[in-house]
Amino acid sequence: MGTQVNIDDISKQRHFLRFRNSVTIKTNFAYAMIRCANIKPGDLVCDPFCGSGTILLETLDYYRNKEIQFIGMDVSRRSANGAKDNALAEGFGEDV
């Protein structure tokens with residue numbers, strides 16, 4: 001798997017409305033991961049190291065209105081709460 005390298009990081013403009021973790025996966029890479037995962041309605045997406053929630057937010061965005069369950073957790077309560085705040089800020093309140 002590869003990712004495009006740009007001078008300007010265009011992925012910083014997505015999903016970090018309230019909280020951005022110091023170390024985070026780029027959104028284009030998270031998008032590629034969920035597309036390769038072959039997620040189907042009824043599946044469970046679990047991110048045990050959710051950080052700022054990039055993988056979960058990309059999944060919520062791509063599979064909007066599908067019957068998919070999401071679980072995100074992190075050892076850092078600050079990160080887990082930040083991921084929840086990001087999801088709420090993007091309008092995924094009913095899914096959080």
Side-chain angles (χ1 to χ4, degrees):
M1 180 169 303
T3 185
Q4 182 178 356
V5 178
N6 293 326
I7 294 171
D8 296 321
D9 185 0
I10 58 175
S11 67
K12 287 184 180 177
Q13 300 163 354
R14 290 181 53 91
H15 304 310
F16 302 107
L17 302 176
R18 305 254 169 120
F19 174 78
R20 182 173 174 128
N21 210 3
S22 60
V23 178
T24 186
I25 188 171
K26 290 189 174 191
T27 56
N28 57 341
F29 191 68
Y31 174 81
M33 289 172 59
I34 65 159
R35 291 302 310 269
C36 290
N38 195 23
I39 300 166
K40 297 177 184 67
D43 283 353
L44 171 67
V45 175
C46 180
D47 186 354
F49 313 104
C50 71
S52 54
T54 307
I55 292 172
L56 296 171
L57 291 170
E58 282 295 320
T59 308
L60 281 163
D61 194 39
Y62 186 77
Y63 292 101
R64 190 180 299 263
N65 300 323
K66 303 285 193 255
E67 293 182 17
I68 297 172
Q69 294 179 326
F70 307 88
I71 296 176
M73 59 193 93
D74 201 290
V75 68
S76 164
R77 179 164 305 277
R78 181 175 173 264
S79 292
N81 289 338
K84 183 177 181 177
D85 289 345
N86 287 343
L88 292 171
E90 291 211 11
F92 296 116
E94 68 280 357
D95 298 316
V96 176

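Since the structure is predicted, the reported quantities are computational estimates derived from the model, not experimental observations. These numbers come from the heavy atoms of this one structure, side chains and all, not from hydrogens, waters or symmetry mates.
Under the 3.5 Å distance criterion, the side-chain polar atoms of Asp47 are left unmatched by any main-chain donor or acceptor of Gly72. Side chain of Asp74 to backbone of Gly51: a donor-acceptor contact under 3.5 angstrom is found.
By the criterion of side-chain heavy atoms lying less than 4.5 angstrom apart, applied directly or through intervening Ile, Leu, Val, Met, Phe, Trp or Tyr residues, Tyr62 is grouped together with Leu60 in one hydrophobic cluster.
Here the OG-CG distance, from Ser52 to Asp85, works out to 11.5 Å after rounding to the nearest 0.5 Å. Here Asn81 contributes atom CG and Lys84 contributes atom NZ; the two are 7.5 Å apart, rounded to the nearest 0.5 Å. For the atom pair NZ of Lys66 and OG1 of Thr59, the computed distance is 13.5 Å after rounding to the nearest 0.5 Å.
Put simply, the side chain of Phe49 does not reach to within 4.5 Å of the side chain of Ser79, judged on heavy atoms. Contact check for Ile34 versus Tyr63: side-chain heavy atoms found under the 4.5 Å cut-off. Here the side chains of Ile25 and Met33 are in contact, with some heavy-atom distance below 4.5 Å. Contact check for Phe92 versus Leu57: side-chain heavy atoms found under the 4.5 Å cut-off.
Annotation: side-chain hydrogen bond (donor to acceptor under 3.5 Å, both in side chains) contacts of Tyr31 (sequence neighbours excluded): Arg35. For Pro41, there are no side chain to side chain contact (heavy atoms under 4.5 Å, CB included) partners, not counting sequence neighbours.
Across Ala80 and Cys50, no two heavy atoms sit closer than the pair CA-SG, 4.4 Å. The two residues Thr27 and Glu58 come nearest to each other via the heavy atoms CB-OE2, 3.6 Å.
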